[in-house]
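Below, read A as the first sequence line, B as the second, and so on, with proteins coming before strands; counting in each chain starts at 1.
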Number of protein chains: 2
Amino acid sequence: MHCGEMGSRWGFNRTVGQMYGLLIIHEEALSAVQISEALNISRGNVSMGIKELQSWRLVQVQHKPKDRKEYYSPAGSIWEMATRVFEERRKREVDPTLSLLRDNLLDEPANQKEVFAQKQMNEIHDLLETVTHWAGELQSMSPDNLNTLMKLGSGISKVISLKDKLIK
Amino acid sequence: MHCGEMGSRWGFNRTVGQMYGLLIIHEEALSAVQISEALNISRGNVSMGIKELQSWRLVQVQHKPKDRKEYYSPAGSIWEMATRVFEERRKREVDPTLSLLRDNLLDEPANQKEVFAQKQMNEIHDLLETVTHWAGELQSMSPDNLNTLMKLGSGISKVISLKDKLIK
DNA sequence: TTAAACTTTCAGAAATTACTGAAACTTCAG
DNA sequence: CTGAAGTTTCAGTAATTTCTGAAAGTTTAA
């Protein structure tokens with residue numbers, strides 16, 4: 001139920017959220033009919049939900065021998081699930097904005113107001129670009145390194161200033 | 001228009017997104033009537049939208065001398081805007097999930113299935129906790145330090161392993 | 001080639017969410 | 001006080017999104 005409520009906040013809709021929650025909590029892979037019965041939703045809805053979850057690269061299909069049904073289970077570890085949601089949301093939420101901003105910044109400002117507007121857009125653009133670039137770099141680090149970095153927290157400042165001193 | 005379309009992805013609805021976009025792009029503060037005329041939406045809708053933006057701590061009210069009207073403008077710099085959206089979304093999207101997970105983990109598992117479910121929930125809980133804790137630490141760093149860190153990107157691994165060697 | 005067993009699609013219904021505009025409320029100058 | 005100039009609220013309507021279920025599509029064993 002909670003996954004349903006949160007589902008919409010996390011980028012998909014109620015039933016899709018519930019479906020994913022169910023798959024994560026359930027050890028064995030589930031068939032479409034099992035999902036529809038467990039959550040009391042129509043068979044068609046399950047089919048659309050699975051499609052949605054696949055577009056997020058969050059579920060995988062399995063086949064059992066001697067059984068024509070498809071069985072679904074979460075794709076990858078909890079960690080992978082997090083990076084995928086993160087990545088997909090970036091694609092949907094940030095990338096289109098970034099490309100719109102770029103397009104707008106190519107236009108010559110026609111008057112004072114547009115100069116200001118572009119200044120603001122430019123600032124947003126640079127910020128989004130720095131942050132998404134950084135996020136990409138972090139994702140390319142090994143989970144171990146990333147974990148060390150996170151555990152270090154704001155203590156990282158000290159490490160960086162140490163580095164600066166050494167260089168000098 | 002784009003801010004409207006993106007609005008819903010970024011956590012608020014179309015008109016609220018448009019309103020905020022307008023305020024950011026426009027140098028002078030705007031009155032409620034000006035906003036409703038610029039975006040072609042009802043006066044009442046503007047009032048509700050402002051309330052919503054205030055709940056995100058994204059707009060501020062100004063008063064002009066000799067004028068009883070309220071004028072609205074974005075609260076804080078682009079950087080602050082980003083951290084606020086980030087923080088508010090964490091509150092709305094992550095915190096409730098975290099507390100639900102905690103509650104569930106307090107229950108004794110009644111059977112094998114619940115043992116597995118709790119194992120999964122525990123993993124999600126720890127991940128969310130680590131990440132949100134880290135996000136908090138980052139936000140407490142000075143923008144300058146944070147910027148250095150971001151520019152360093154995945155090069156940070158090297159700095160950390162350097163530190164480890166020095167300690168040894 | 002057939003038909004049983006399954007999946008997908010999609011038009012329309014249901015549910016949810018957003019918007020309007022008129023009425024209620026607030027504030028303040030005179 | 002009063003009322004003009006503003007803001008907020010909220011019931012009802014409009015728009016959007018989600019869900020259902022029947023029909024169409026697909027796959028495979030025999």
Side-chain angles (χ1 to χ4, degrees), chain A residues 1-23 29-56 58-73 89 92-93, chain B residues 1-23 29-56 58-73 89 92-93:
Chain A
M1 291 302 109
H2 176 84
C3 291
E5 280 167 50
M6 282 299 127
S8 43
R9 299 198 183 283
W10 278 96
F12 16 78
N13 69 32
R14 188 156 47 83
T15 42
V16 174
Q18 291 180 347
M19 285 172 55
Y20 193 44
L22 178 64
L23 292 178
L30 290 169
S31 72
V33 176
Q34 287 177 305
I35 296 171
S36 81
E37 281 168 1
L39 301 175
N40 229 320
I41 59 180
S42 74
R43 184 61 191 71
N45 201 359
V46 172
S47 176
M48 293 195 293
I50 292 290
K51 218 169 97 186
E52 172 82 2
L53 286 171
Q54 278 169 336
S55 86
W56 287 75
L58 290 173
V59 289
Q60 60 192 168
V61 182
Q62 280 164 34
H63 284 277
K64 294 194 183 177
K66 290 270 179 193
D67 189 341
R68 202 184 284 169
K69 278 203 274 301
E70 300 193 320
Y71 288 84
Y72 305 99
S73 59
R89 289 186 78 172
R92 291 158 207 233
E93 297 177 4
Chain B
M1 291 302 108
H2 176 84
C3 292
E5 281 167 49
M6 281 300 127
S8 42
R9 298 196 183 286
W10 279 94
F12 15 78
N13 69 34
R14 189 155 47 83
T15 42
V16 173
Q18 291 179 348
M19 286 172 54
Y20 192 45
L22 179 64
L23 292 178
L30 290 168
S31 72
V33 177
Q34 288 177 302
I35 295 172
S36 81
E37 282 169 359
L39 301 175
N40 230 319
I41 58 180
S42 75
R43 183 65 191 68
N45 200 0
V46 172
S47 176
M48 292 193 295
I50 293 290
K51 219 168 95 188
E52 171 82 3
L53 286 171
Q54 278 169 337
S55 85
W56 286 75
L58 289 173
V59 289
Q60 60 192 168
V61 182
Q62 280 163 36
H63 284 276
K64 294 193 183 178
K66 291 271 180 192
D67 189 340
R68 202 185 285 167
K69 276 202 277 299
E70 301 193 319
Y71 289 84
Y72 306 99
S73 59
R89 289 186 78 173
R92 292 157 206 234
E93 299 177 2

Strictly under 3.5 Å: I want the nitrogen or oxygen pairs between protein and nucleotides 27-30 of chain D, one per line.
{"residue": "D:dT27", "atom": "O2", "partner": "A:R68", "partner atom": "NH1", "Å": "3.4"}
{"residue": "D:dT28", "atom": "O2", "partner": "A:R68", "partner atom": "NH2", "Å": "3.4"}

Open item on the list: Which is more 5' along DNA chain C, the nucleotide nearest B:S42 or the one nearest A:R14? Just name the residue.
Closed with: A:R14
Task: A:E70 side-chain proximity, nearest of C:dT7, D:dT7, C:dC6 - done: C:dT7
- [ ] For A:E5 and C:dT16, give me the distance from atom CD to atom P, rounded to whole Å.
- [x] 12 Å
Open item on the list: Distance check needed: D:dG6 P versus B:H63 NE2, whole Å only.
Closed with: 12 Å
Task: Heavy-atom pair of closest approach, residues A:L23 and A:Y72 - done: CD2-O, 3.4 Å
Open item on the list: For C:dC19 and B:T15 - does any side-chain N or O of the residue sit under 4.0 Å from the phosphate oxygens OP1/OP2?
Closed with: yes
Expected list for residues 35-47 of chain B: side-chain donor-acceptor pairs under 3.5 angstrom, two or more places apart:
{"residue": "B:S36", "atom": "OG", "partner": "B:V33", "partner atom": "O", "Å": "3.0"}
{"residue": "B:S42", "atom": "OG", "partner": "B:N45", "partner atom": "N", "Å": "3.1"}

Task: Whole-Å distance separating the CG atom of B:L39 from the C1' atom of C:dT20 - done: 15 Å
Open item on the list: For a 4.5 angstrom cut-off between non-hydrogen side-chain atoms, does A:F12 reach A:M6?
Closed with: no
TODO: Starting at atom CG of B:D67, determine the distance to atom C1' of D:dT7, rounded to an integer number of angstrom.
DONE: 14 Å
Open item on the list: Using whole Å, what does the distance between atom C1' of nucleotide D:dA14 and atom CD1 of B:I41 come to?
Closed with: 15 Å
Task: Under-4.0 Å side-chain N/O to phosphate OP1/OP2 contact, B:R43 with D:dT7 - done: yes
Task: Interface with DNA chain C, restricted to residues 44-56 of chain A and to heavy atoms under 4.0 Å - done: A:G44, A:S47, A:M48, A:K51
- [ ] List the atom of A:G21, the atom of A:C3, and the distance in Å for their closest heavy-atom pair.
- [x] CA-SG, 3.7 Å
Open item on the list: How many whole angstroms separate atom CD1 of A:I35 from atom C1' of C:dT7?
Closed with: 13 Å
Open item on the list: Go nucleotide by nucleotide along DNA chain C from the 5' end; which of B:V16 and A:Y71 gets its closest nucleotide reached first?
Closed with: A:Y71
Task: Euclidean distance, atom CZ of residue B:R9 to atom P of D:dT17 [Å, nearest integer] - done: 10 Å
Task: Value rounded to 0.5 Å, distance of CG in A:L22 from OG1 in A:T15 - done: 12.0 Å
Task: B:N13 side chain near C:dT17 phosphate (N/O to OP1/OP2, under 4.0 Å) - done: no
TODO: State which residues pass side-chain contact (heavy atoms from CB on, under 4.5 Å) with A:K51; sequence neighbours excluded, sorted by chain then number.
DONE: none
Task: Which residues share a salt bridge (charged side-chain N to carboxylate O under 4.0 Å, His left out) with B:R89, sequence neighbours left out - done: A:E93, B:E93
Task: Heavy-atom closest pair, residues B:Q62 and B:S73 - done: NE2-OG, 2.8 Å
Open item on the list: Run the side-chain contact (heavy atoms from CB on, under 4.5 Å) test against B:H63 and tell me which residues pass, sequence neighbours left out.
Closed with: B:V61, B:E70
TODO: Return the value, rounded to whole Å, for the distance between atom CE of A:M19 and atom C1' of D:dT18.
DONE: 14 Å
